[in-house]
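Have a look at the structure below before the remarks.
This is a predicted model, so every value here is computed, not measured. Chain naming here is simple, since letters A, B, ... match the order of the sequence lines and numbering starts at 1 in each.
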Protein chains: 2
Amino acid sequence: MAEVAKHVGVSAMTVSRAFRQDASVSEETRRRIMDAVDALGYVLDQSAGSLSSRRTGFIAALVPSINNSNFSDTARGITDALENTGLQLLLGYTDYAPDKEEQLIEAMLRRRPEGIILTGGQHTSRARRMLEKAGIPVVETWEIPETPINHVVGFSNGEAMSLLVRELAAKGYRKFGYIGGTTARDTRGSQRRSGFLKTVEALGLETDRVISFGVPPITMEQGGQAIISMLERWPDTEVVLCVSDLSAFGALMECQRRGLRVPQDIAIAGFGDYEISSICHPRMTTINVDCYGIGKQAAVRLLDALQNDDERAGDITLTGYRVVLREST
Amino acid sequence: MAEVAKHVGVSAMTVSRAFRQDASVSEETRRRIMDAVDALGYVLDQSAGSLSSRRTGFIAALVPSINNSNFSDTARGITDALENTGLQLLLGYTDYAPDKEEQLIEAMLRRRPEGIILTGGQHTSRARRMLEKAGIPVVETWEIPETPINHVVGFSNGEAMSLLVRELAAKGYRKFGYIGGTTARDTRGSQRRSGFLKTVEALGLETDRVISFGVPPITMEQGGQAIISMLERWPDTEVVLCVSDLSAFGALMECQRRGLRVPQDIAIAGFGDYEISSICHPRMTTINVDCYGIGKQAAVRLLDALQNDDERAGDITLTGYRVVLREST
DNA sequence: AGTAGAAATGTTAGCGATATCATTGCGCTC
DNA sequence: GAGCGCAATGATATCGCTAACATTTCTACT
């Protein structure tokens with residue numbers, strides 16, 4: 001920067017100002033500075049800048065995974081909301097593991113992000129302490145934690161699943177099955193399952209048709225294997241709800257491969273409304289949960305908190321969901 | 001850090017050393033320092049650290065998009081390769097637009113990454129200049145640029161597509177159709193198309209059955225619409241190759257919806273070997289291109305260049321691909 | 001015990017920008 | 001033309017850490 005300054009014949013401070021929108025630099029000077037910047041190929045050093053200004057321009061976001069999952073849409077929503085704000089997203093993958101999340105939170109905080117977006121409400125106590133101490137706005141997404149850290153942008157996975165059960169019951173289905181992953185690591189998966197069980201029970205129907213298979217996030221293939229087990233154990237099952245569209249799709253395809261007609265022989269529904277569900281044949285019943293919007297709103301919430309000097313008033317934004325009935329049920 | 005130092009009764013420098021693996025600090029001292037760190041809830045400030053040490057610990061990577069695409073696997077490969085290296089990935093989405101890429105490159109360089117991974121070989125001249133000047137290792141991925149900037153990890157999209165055409169021709173297909181996006185922005189898509197055209201022509205077959213539809217990356221739905229146009233214009237088409245598995249899947253499902261048998265009435269093949277292709281019914285013929293491996297190898301190449309103080313010897317790593325013949329052809 | 005060499009720790013000086021306050025210059029009013 | 005206010009620019013002092021070199025302490029061997 002000093003070099004640019006010398007080249008133009010101004011002070012480094014003026015060069016620094018020329019890079020900012022709001023600073024008062026005459027048009028003439030700014031033009032000459034920018035010419036010199038181009039000529040010299042100078043690129044601003046933001047690490048130095050952030051040390052001095054105490055604004056790093058980073059926003060951290062942690063998602064369980066990004067491959068073939070709803071979270072890639074959420075990440076996209078965050079990225080889009082951050083566009084033209086000068087903020088840069090630091091993305092991390094937790095693999096659904098709270099201790100990996102803890103590590104990542106520490107790694108992120110070392111970069112002094114101005115805000116952080118998390119997925120879910122399950123965190124280690126050390127993670128909570130670090131976040132507390134960091135004094136930056138936090139947004140938890142994708143569910144409604146019992147004890148939110150700060151802001152929340154999400155919905156009740158249990159209630160969403162419950163709604164689907166009730167709509168399908170209204171269509172006349174009585175023998176409900178459920179396919180999900182094995183562990184409780186995926187809290188959203190667990191919530192969906194308990195929403196399913198609670199509602200099926202409330203309707204006075206059998207609750208034992210549950211297949212737990214595969215480590216979350218459960219794959220398409222595992223969905224296919226799971227429905228085979230389901231139909232072997234409970235051949236008279238009328239409708240199977242799956243923890244995600246991906247497993248539901250695997251189940252659907254496996255049924256077709258075996259000559260089972262969907263929905264006549266067995267109905268199938270997913271969760272998440274992935275693109276695939278509106279394209280596959282038969283088109284799949286699912287729950288649309290606005291993954292993109294969750295990311296976008298979380299980021300907007302964060303930006304808002306940053307502007308208003310976040311008074312730490314935790315604020316819960318409920319995102320919408322709706323059952324999308326299609327041909328598979 | 002000064003506070004921690006005072007608390008333990010050592011100098012700040014010793015605290016700094018305690019955070020590094022290789023530094024010489026007695027076990028006793030390090031333990032006491034770490035205890036104080038925990039007690040005080042101190043978190044290292046890496047922006048300050050990198051300013052001083054001139055090592056930011058950032059690696060930048062730019063991909064066209066991350067949603068439902070091969071690139072999410074590539075990003076995952078990079079992330080995995082970077083694990084435990086203390087390096088943090090800065091990810092950006094270019095939306096297949098060279099000028100957005102240029103902007104992102106500048107934004108990334110302001111963070112002083114130690115290396116950068118790009119997708120493809122199409123860059124604006126200003127982007128090339130900035131990269132040149134930055135003096136950091138660059139890895140271009142996913143294709144083989146004519147004039148590589150530095151390192152390359154990729155494969156020839158044209159040859160891969162060509163191989164698929166030849167294998168299908170060997171199975172007896174003669175009337176080949178192609179479905180792809182409309183613009184040349186997606187250079188890999190264009191290369192696949194020209195690989196298709198060149199090979200079909202070399203085999204002495206018709207090359208006019210080409211549907212261009214939708215802005216890349218073309219969606220599942222657009223694939224479905226495209227195959228309808230294809231069959232309306234050229235009803236006797238025997239096999240349709242698609243620019244990606246997603247569009248191929250859309251085409252496949254649309255055929256099923258219309259009662260067309262695949263592959264008896266029309267055969268379909270994709271590109272990329274997404275999970276969906278091995279699960280759908282009928283399972284889809286495609287080309288496996290090791291998306292994850294491209295990311296992983298690109299990152300490894302970069303790490304290697306960083307260790308060996310990169311002598312700027314551009315180095316081309318060819319990644320493998322193979323035709324996966326399945327039930328759809 | 002004496003000493004060399006290694007290990008552990010301390011001191012000082014930046015890294016490259018920006019916050020803050022000071023200064024200069026200009027146009028305008030009365 | 002003195003005085004005021006505002007816009008443009010400059011000087012200085014950090015921001016929080018680590019590189020580099022200096023110093024002290026320990027270890028091992030003669």
Side-chain angles (χ1 to χ4, degrees), chain A residues 1-34 36-37 40-58 86 88 106-107 109-114 133-136, chain B residues 1-34 36-37 40-58 86 88 106-114 133-136 309:
Chain A
M1 183 176 269
E3 203 182 326
V4 174
K6 190 155 60 172
H7 203 264
V8 181
V10 295
S11 72
M13 196 58 235
T14 302
V15 176
S16 173
R17 287 196 181 98
F19 276 101
R20 317 187 31 152
Q21 291 263 324
D22 53 328
S24 75
V25 179
S26 74
E27 268 323 302
E28 161 70 8
T29 310
R30 172 172 275 135
R31 216 208 59 245
R32 283 172 49 223
I33 288 174
M34 287 311 167
V37 164
L40 298 171
Y42 170 71
V43 176
L44 202 58
D45 186 329
Q46 266 196 76
S47 10
S50 30
L51 181 59
S52 182
S53 66
R54 312 88 179 300
R55 299 205 49 222
T56 56
F58 283 127
Q88 161 76 44
E106 181 164 18
L109 290 181
R110 288 185 173 185
R111 302 291 186 178
R112 296 292 185 268
E114 300 181 27
K133 187 111 207 293
I136 55 175
Chain B
M1 182 176 270
E3 203 183 326
V4 174
K6 189 156 58 170
H7 202 266
V8 181
V10 294
S11 71
M13 194 60 232
T14 303
V15 176
S16 173
R17 286 194 183 102
F19 276 101
R20 316 185 33 151
Q21 291 261 326
D22 53 328
S24 74
V25 180
S26 74
E27 269 321 302
E28 160 70 9
T29 309
R30 171 172 276 137
R31 218 208 57 243
R32 283 171 50 221
I33 290 175
M34 286 312 168
V37 164
L40 298 171
Y42 171 72
V43 176
L44 201 58
D45 186 330
Q46 265 196 76
S47 7
S50 31
L51 181 59
S52 180
S53 66
R54 308 114 159 295
R55 299 205 50 221
T56 57
F58 282 127
Q88 161 76 45
E106 180 164 17
M108 294 296 177
L109 290 181
R110 288 185 174 185
R111 303 289 186 178
R112 297 293 186 269
E114 300 182 27
K133 188 111 206 293
I136 56 176
D309 233 358

* Structure fact -> Of all heavy-atom pairs linking Ser47(B) and Thr56(A), the shortest is OG-CG2, 4.2 Å
* To do: Looking only at non-hydrogen atoms, find the nearest pair between Val10(B) and Val15(B) and report the distance.
  => CG2-CG2, 4.0 Å
* Asked: Which part of the nucleic acid, if any, lies within contact of Ser24(A), taking any heavy atom under 4.0 Å across all strands shown: a base, the sugar-phosphate backbone alone, or nothing?
  -> base
* To do: Have a look at Ser26(A) and say if it touches a base, only the backbone sugar-phosphate, or nothing, with a 4.0 Å heavy-atom cut-off.
  => sugar-phosphate
Would you kindly give the [atom1]-to-[atom2] distance between [X] and [N], to the nearest whole Å?
X        : N       : atom1 : atom2 : value
Glu28(A) : dG25(C) : CD    : P     : 17 Å
Glu27(B) : dA7(C)  : CD    : C1'   : 13 Å
Ile33(B) : dA8(C)  : CD1   : C1'   : 11 Å

* Distance in Å, Arg55(B) CZ paired with Gln46(B) CD, rounded so as to fall on 0.5 Å steps -> 10.0 Å
* Asked: Side chain of Arg54(B), backbone of Leu51(B): donor and acceptor closer than 3.5 Å?
  -> no
* To do: Identify whether the distance between the nearest side-chain nitrogen and carboxylate oxygen of Glu27(B) and Arg30(B) falls below 4.0 Å.
  => yes
* To do: Taking only Lys NZ, Arg NE, NH1 and NH2, and the carboxylate oxygens of Asp or Glu, determine whether Lys6(B) and Glu3(B) approach each other closer than 4.0 Å.
  => no
* Which nucleotides of nucleotides 13-19 of chain D have their base under 4.0 Å from a protein heavy atom (B), which only their sugar-phosphate (S), and which neither (-), written as one string 5' to 3'? -> --BBBBB
